[in-house]
Amino acid sequence: AAAGSGIGLTGAYFTNHTSASPFTGSPVLVQTNATVNFNWGANGPAPQVGGTNFTVRWTGCVQPQFNETYQFVTTADDGVRLYVNGQLLINDWSDKTSATSHTNSLALVAQQLYNLELDYYQKTNNASVSLAWSSPSTLPAIIPQTQLYPFTNPPPAVVLTTPVGGSSYTANASVTLSADADAAYNPVGFVSFYANGAYLGSVSNAPYTLTATGLAAGNYALTAVAV
């Protein structure tokens with residue numbers, strides 16, 4: 001599979017912050033980092049950040065090259081947390097005397113963009129943090145710049161086109177629901193339809209149209225959700 005065209009993750013650096021309140025206020029430094037593979041020692045990332053009691057939040061997207069289960073590895077001194085598509089994969093939020101590694105795995109689809117957030121804090125002494133991965137077709141390595149992007153992937157947009165608001169039917173009714181859906185980067189997986197929050201069904205291919213049968217008399221709020 002082809003490599004991506006990424007340029008790295010967005011890093012937001014906070015000074016005079018602790019693990020208990022890591023990301024309040026505004027960062028003193030925001031920059032694009034090609035990879036997460038830092039060993040700052042006692043110096044810290046930059047003069048305005050300092051060498052102790054600082055935090056970093058990296059955000060953006062990660063793009064796998066293969067349809068495989070990927071093993072994510074964080075190595076940090078002090079604490080680190082890793083989220084992929086909002087799922088907490090690694091929670092190593094604790095003080096250290098030396099760097100430790102933690103792993104967790106997730107099945108990913110080739111070429112799709114997954115939102116990634118890596119939180120890090122440094123208390124005192126040496127500061128280091130790295131983010132690596134591996135898969136059956138990917139040798140263990142720091143996640144490369146080509147597979148990291150500095151923006152996040154918004155959820156698909158969806159609009160229910162039929163029936164129009166205020167439509168009325170005779171019970172027990174059969175109602176055809178249609179929706180338009182689009183996504184900024186990844187293909188739309190499917191569109192699900194709901195009546196008053198109750199699941200009616202899903203459609204995986206455009207046009208996204210579903211016929212609901214046997215709707216009893218009453219008022220219904222119809223919604224569509226794209227994934």
Validation: residues 172-181 side-chain donor-acceptor distances under 3.5 Å, sequence neighbours left out:
residue	atom	partner	partner atom	Å
Thr176	OG1	Thr211	OG1	3.2
Ser178	OG	Thr162	OG1	3.2
Ser178	OG	Thr209	OG1	3.1

**Prompt:** Where the side chain of Tyr121 meets the backbone of Asp95, is there a donor-acceptor pair that is under 3.5 Å apart?
**Reply:** yes

**Request:** Please check if the side chain of Thr146 supplies one atom and the backbone of Gly6 the other of a donor-acceptor pair under 3.5 Å.
**Result:** no

**Prompt:** Is there a path from Leu106 to Ile90 through hydrophobic residues (I, L, V, M, F, W, Y) whose side chains come within less than 4.5 Å of each other?
**Reply:** yes

**Asked** So, are Asp119 and Arg57 salt-bridged, with charged N and O less than 4.0 Å apart?
**Response** yes

**Asked** Under the side chain to side chain donor-acceptor pair (under 3.5 Å) criterion, do Ser137 and Glu68 qualify, and how do the steps go?
**Response** CA-CA 8 Å; Ser137 302; Glu68 294 178 343; 2.5 Å; yes

**Sidechain-backbone polar pair: Gln48 side chain, Gly50 backbone, donor-acceptor under 3.5 Å** = no

**Message:** Working note: Ser202 + Tyr199, criterion side chain to side chain donor-acceptor pair (under 3.5 Å); need CA distance, chi angles, decisive distance, verdict.
**Reply:** CA-CA 9 Å; Ser202 298; Tyr199 176 71; 2.7 Å; yes

**Message:** Just checking Lys96: does its NZ atom have more than 12 heavy atoms from other residues, nucleotides or ligands closer to it than 6.0 angstrom?
**Reply:** yes

**Complete:** All heavy atoms of Asn186 vs all of Asn153, minimum pair found to be ND2-ND2, 3.0 Å

**Prompt:** Do the side chains of Tyr220 and Val225 join up, straight or via other hydrophobic residues, at under 4.5 Å, putting them in one cluster?
**Reply:** no

**Message:** With clusters defined by side-chain heavy atoms of hydrophobic residues (ILVMFWY) lying less than 4.5 Å apart, directly or transitively, does Leu29 cluster with Phe14?
**Reply:** no

**Asked** Are Tyr120 and Asp92 close enough, and set up right, to give a side chain to side chain donor-acceptor pair (under 3.5 Å), and what steps lead you there?
**Response** CA-CA 9 Å; Tyr120 167 78; Asp92 181 27; over 6 Å; no

**Request:** State whether a side-chain donor-acceptor pair under 3.5 Å links Gln63 with Tyr149.
**Result:** yes

